[in-house]
Amino acid sequence: MASASLPARSNRDDSIKRTKRQTALDTLVSMGFPRNRAEKAIAATGDRGIQLASDWLLSHVDDPTLDDGTSREYVLYLCPNGKMQDELNKFWEKSLTQCGWNGAHSYFPHITMCPFFTADDKDVGFLSESFLKLENKLRRAPDTLKLDFFSQMNFIGLFVKDTMYEFLQECVSMFSKELAKGGVKVEPHKKQLHLTLAYQYPSEQHDKLLKYAKEIDLGVDVRWDLRLYSRDPRAGRSEIRRVVKAYTPQVGDELELIDGDFIFLDPKELTKTKDGWYPGISWLTGILGMFPGVYTQKTAETWTWMLHRSLPLQVRPKSVAVTNGIIVEEDYDAIWHDDKDYAKVNKNFIKEKKQRMPSVEKREQRRLIVCRHGERTDFAMGKGWYDMCFDDDGRYSRINLNLPKKMLTRSNNLEYINDPPLTEVGKLQAQLTADTLTENRITISAVYSSPSLRCVQTATEIYQVLKLQNKIKIEPGLFEWTGHTNVVPRWISPEDLAKQGYPIETSYLPQVPRDKLEDGESISNLYARSTETSRQILKLYESKGGNILFIGHSGTLDLCTRVITGQTPRTTMSYREFLPKVPYVAMCAIEEDVITRKWKFIDPPTLPLSHGRNIVQNVRDILNG
């Protein structure tokens, strides 16, 4: 059977009609997200794709501001790239290291082109389109962008000069007129265009900062980019804290600290805290909660901004603005926040949070036992013990039976002055304590020690008597109050201790590394540091349970238990009064309720130990007297 012939087409159209390309907003709405939330996500992620916006929405599922009408704030920046950015970043780092924080460190190097302005989330696409219309204008830039030094007390900067200043003003005016068509208002920039190097600093630092600024080579290659950024309005009112150590909440009002996150902190809260905890808002999740300040560091506000669009300033070849077509993006200026950050929260935070449902199943009990070290050499023999025992060449002589039979090998024996060993009586005290633990059938699951030698030696004596299997872990977070010692000593490293026969776990990664300890820390930071060290270590034994032993200092008994058991930290005066009351190898213990998961004090597992005071005196001197 012959096939039927096709009918002729009428009104033939050679063009193929295509469906309209679906926007990111359309896609998110079709996925089930409310329109207002989809618009907020697109604005917050710089209109950089569906995946990034959807990850943002999932990570902010518990954000209480998700449905409010707060508008983001936008700004135009002219930013240097290439070798000029390297020069400015070196100055930023040097000024921060040598002179401390000033107002310029809150931002990366830039020239502000206009004041911040607000726009509704639904207008983010319109903003990008208006910005991109500047591309042809930027191709007609003048020959050069000259920067001249200017300084006065409390300010150092580089000012834009000559025809480039007028040209940039024209660009901003053109952008403002485009935005005005959509009802977005941009106020005219009233300040001279400039790149701030330093401001809001003490007057006595002016000369030093000016000297560093003069070392900047302004003749190096540079490519300038005009960029459209946006920020959460809370960023401009907050101190921004970078998370330097992850933290898992222990109670309901605490904030989870996530690697890669930043925290919005009201500066007023810095003067209100008594324990080193602050209320803050997570940039990654939008959640409000209490967080330990010692796990964060102050950083630039611009790390929380979003880059929407960027266009190069096409200066003619004879200018210094030539970098062979290569754009060098440094970390300090890379405000691009891809989907990895929010996706990580979506996978590792929200899913885990759903899994961490309250459970009333019986759990293995945890106990924390805290013990002070034994008698220390400098307290027993006097502060001059070192000069009596070591000659000018650092050789040790035992002049008293209570002194150690031999000293450990150190890079410099002078380190013994700030890090003294136990006396022989101190070792005996530790052994007697361990004997009692054995008699009372107290099993120890793990031993953590302050890095002070007297603590390590106390832990070792207990370890050997109890014949433990798990080696001692050195934890700088258990070190005593640096406001009392006025110095962070140079301790013998775990590796060197192990080489000299001490049972040390050399692979252990401490909760608080030595370089995180601050000289002269406040009492509030001391309690926060000690409490968080305890909480993080105890969390490691949440499923295993058991008795965890801390060997520390007199203050450790209070520092590692007080806040955990629901009490407030001591004042400085109260803490000072407490310290002399704690005898050598004194112990305290706290226990977790397996149902409520609250901690309470229990009777210590050993009896107290006391001995008479033996006067240090040469018998021949007594007889001859």
Side-chain angles (χ1 to χ4, degrees), residues 23-29 33-50 52-57 60 63-79 106-108 110-135 137-138 168-191 193 225-238 240 262 264 281 283 286 301-311 335-337 342:
T23 65
L25 177 61
D26 295 332
T27 302
L28 290 172
V29 171
F33 293 110
R35 176 172 290 271
N36 66 310
R37 293 189 176 186
E39 291 172 342
K40 183 181 284 286
I42 292 171
T45 56
D47 195 10
R48 292 189 170 278
I50 298 168
L52 182 56
S54 62
D55 282 335
W56 185 94
L57 283 166
H60 283 74
D63 185 347
T65 67
L66 195 57
D67 294 313
D68 69 15
T70 305
S71 299
R72 292 182 68 84
E73 296 177 337
Y74 295 80
V75 70
L76 281 183
Y77 271 8
L78 188 64
C79 303
S106 293
Y107 311 90
F108 51 74
H110 70 279
I111 297 172
T112 302
M113 303 299 296
C114 69
F116 280 97
F117 62 92
T118 59
D120 293 339
D121 293 335
K122 62 180 178 61
D123 292 329
V124 63
F126 168 68
L127 295 179
S128 295
E129 292 172 3
S130 300
F131 176 81
L132 293 176
K133 289 181 180 180
L134 293 174
E135 184 174 10
K137 175 72 173 177
L138 295 175
L168 293 176
Q169 291 283 52
E170 292 173 3
C171 291
V172 175
S173 177
M174 177 179 172
F175 180 62
S176 300
K177 290 178 181 178
E178 285 295 324
L179 293 186
K181 296 177 182 178
V184 179
K185 185 177 181 180
V186 180
E187 296 290 339
H189 194 48
K190 299 179 181 179
K191 296 182 179 180
L193 297 181
D225 284 347
L226 187 63
R227 295 178 176 177
L228 176 64
Y229 287 101
S230 74
R231 70 178 182 185
D232 186 310
R234 292 173 293 191
R237 304 189 298 268
S238 304
I240 306 302
F262 301 89
F264 296 145
I281 299 172
W283 169 75
E301 173 194 325
T302 40
W303 281 113
T304 66
W305 291 14
M306 181 52 60
L307 174 60
H308 290 251
R309 296 292 181 268
S310 179
L311 290 171
I335 317 296
W336 287 81
H337 298 311
Y342 297 116

Exercise. Do the ring planes of Trp56 and His60 sit parallel (below 30°), tilted (30 to 60°) or perpendicular (above 60°)?
Worked result: parallel
Problem set entry | For the student: nearest non-hydrogen atoms of His308 and Ala43, plus distance | CE1-O, 3.4 Å
For this session: Might you point out which heavy atoms bring Val184 and Asp123 nearest each other, and give the distance in Å?
Result: CG2-OD2, 4.2 Å
For this session: State which residues pass side-chain hydrogen bond (donor to acceptor under 3.5 Å, both in side chains) with Glu170; sequence neighbours excluded, sorted by chain then number.
Result: Lys137
Exercise. Roughly how far, to the nearest 0.5 Å, is CH2 of Trp283 from OG1 of Thr304?
Worked result: 8.0 Å
Seminar exercise, completed: One should read off an interatomic distance between Asp63 CG and Asp68 CG, to the nearest 0.5 angstrom, of 8.0 Å
For this session: Kindly write out the residues that satisfy ring pair (Phe, Tyr, Trp, His ring centres under 6.0 Å) with Phe117, not counting sequence neighbours, or none if the list is empty.
Result: Tyr74
For this session: Under the side chain to side chain contact (heavy atoms under 4.5 Å, CB included) rule, what do Leu179 and Lys185 come out as? Steps first, then yes or no, please.
Result: CA-CA 7 Å; Leu179 293 186; Lys185 185 177 181 180; over 6 Å; no
Exercise. Checking Arg35 side chain against Leu25 main chain: does a donor-acceptor pair fall under 3.5 Å?
Worked result: no
For this session: Taking the side chain as every heavy atom from C-beta outward, state whether Trp303 and Ile240 have any pair of such atoms under 4.5 Å apart.
Result: no
Seminar exercise, completed: Taking every heavy atom of Ala38 against every heavy atom of Leu28, the minimum-distance pair comes out as CB-CB, 3.8 Å
Seminar exercise, completed: Closest non-hydrogen contact found for Met306 with Gly46 is CG-N, 3.3 Å
Exercise. Under the 3.5 angstrom rule, does the side chain of Asp232 hit a backbone N or O of Arg234 as a donor-acceptor pair?
Worked result: yes
Exercise. Just wondering, do Asp47 and Arg309 contact through their side chains at under 4.5 Å, heavy atoms?
Worked result: yes
Problem set entry | Gap separating the CG atom of Leu138 from the CG atom of Leu311, nearest 0.5 angstrom | 6.0 Å
Problem set entry | Test item: Ser238 side-chain N/O and Ala235 main-chain N/O as donor-acceptor pair under 3.5 Å | no
Exercise. Closest heavy-atom contact between Leu168 and Leu193?
Worked result: CB-CD1, 3.8 Å
Problem set entry | Ser173 side chain vs Gln169 backbone, donor-acceptor pair below 3.5 Å | no
For this session: Flag the pair Asp121 / Ile42 as yes when at least one side-chain heavy-atom distance between them is below 4.5 Å, and no otherwise.
Result: no
For this session: May I ask you to decide whether Lys122 forms a salt bridge with Glu39, counting only side-chain N to carboxylate O separations under 4.0 Å?
Result: no
Exercise. Out of Trp305, Tyr107, Phe131, which one pairs with Tyr77 under the ring-ring contact (aromatic ring centres under 6.0 Å, His included) rule?
Worked result: Trp305
For this session: Please round to the nearest 0.5 Å and tell me the distance separating atom CE of Met113 and atom SG of Cys79.
Result: 10.5 Å
Seminar exercise, completed: On a heavy-atom basis, the closest approach of Leu134 and Cys171 is CD2-O, 3.5 Å
Problem set entry | CD-CG distance between Glu135 and Leu226, expressed to the nearest 0.5 angstrom | 11.5 Å
Exercise. Taking atom CG of Leu307 and atom CG of Leu228, what is their separation to the nearest 0.5 Å?
Worked result: 8.0 Å
